[in-house]
Amino acid sequence: MSDLDILTKIPDVKYREPAPEIDASEFQKVIESRRSVRVYTDEPVPEDIMRRCIDNALLAPNSSNLQCWEFYWVRDKEKKKELAKICMGQSAASTAQELVVCVARMDKWKEIQQQMIASFDAQGDVPKGAYTYYQKIVPLAYNQGPLGLFWTVKETSFLFSRINKSNSKRAHQL
């Protein structure tokens, strides 16, 4: 398997984490009963529920498992008022008993990449493709370069690549 196969093929690893058993009908009920709330009551949210919500948010899938984010649970009333103003006074922000701010920290990708590689070293028996991904692909994807110039070059090249693919598909269909 070549290093690039890690992007298109399932790796041959010994460990597979089994998916947990769930009640599909209960899960469907959760999906179908979801609602968008715009105005909240004064009823406080218990701290243990807030902590569980934040823990669950940390489990969200993310690009390259880098978790380049930080969550801030804003509990101070004055800071919450300021945040509501920043949110253009929307009722959801101004009536919410709790506010959590998620901040993307793309400046942390290299630090987290190094932590991932160190954890691979400590764990041992990690597929070569995983090392390759974090050592080669992650820097290509995340490195913005000085003044964001690498990002601009990457986006432009991806745009032309998509245009070429689209044109070649169209030509092939004719």
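The CG atom of D76 sits 10.0 Å away from the CD atom of E82 when rounded to the nearest 0.5 Å. Here the SG atom belonging to C102 is positioned 10.5 Å from the CD1 atom belonging to I54, to the nearest 0.5 angstrom.
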Query raised in the report: salt bridge (charged side-chain N to carboxylate O under 4.0 Å, His left out) between K81 and E78: does it pass, once the steps are laid out?
Result: CA-CA 5 Å; K81 283 182 186 176; E78 289 306 311; 3.7 Å; yes

**Report entry** Residue pair E47, R75: steps toward the side-chain contact (heavy atoms from CB on, under 4.5 Å) verdict
**Finding:** CA-CA 11 Å; E47 183 168 330; R75 301 173 91 174; 3.0 Å; yes

Query - CA sep, side-chain torsions, deciding dist, call: K79, L99, side-chain contact (heavy atoms from CB on, under 4.5 Å) - result: CA-CA 10 Å; K79 287 182 181 175; L99 289 175; over 6 Å; no

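Note on L66: it clusters hydrophobically with M106, by side-chain heavy-atom contacts below 4.5 Å among ILVMFWY residues. I31 and I22 fall within a single hydrophobic cluster, where Ile, Leu, Val, Met, Phe, Trp and Tyr are joined by side-chain heavy atoms under 4.5 Å apart, directly or via other members. Residue V74 is not grouped with residue Y40 when hydrophobic side chains (ILVMFWY) are merged at heavy-atom distances under 4.5 angstrom, including chains of intermediate members. When the side chains of ILVMFWY residues are joined at heavy-atom separations under 4.5 Å, either directly or via intervening members, V103 and I86 end up in a single hydrophobic cluster. Both W109 and F120 belong to a common hydrophobic cluster when Ile, Leu, Val, Met, Phe, Trp and Tyr are linked at side-chain heavy-atom distances under 4.5 angstrom.
No side-chain donor from either of S33 and R35 sits under 3.5 Å from a side-chain acceptor of the other.
Remark: the backbone N or O of C87 is paired with a side-chain donor or acceptor of Q90 at under 3.5 angstrom. Not a single donor-acceptor pair under 3.5 Å links the side chain of K110 to the backbone N or O of Y142. At least one donor-acceptor pair under 3.5 Å links the side chain of Q113 to the backbone N or O of Y134.
Nearest heavy atoms, Q97 versus D42: NE2-CA, 3.4 Å. Pairing each heavy atom of S94 with each of G89, the nearest pair is OG-O, 3.9 Å.
Put simply, the residue from V138, V126, N65, D121 that forms a side chain to side chain contact (heavy atoms under 4.5 Å, CB included) with M116 is N65. Checked against F71 for a side chain to side chain contact (heavy atoms under 4.5 Å, CB included), the options D55, V101, L58 give a single hit: L58.
The environment of E43 atom CD is sparse: at most 12 non-hydrogen atoms of other residues, nucleotides or ligands sit within 6.0 angstrom.
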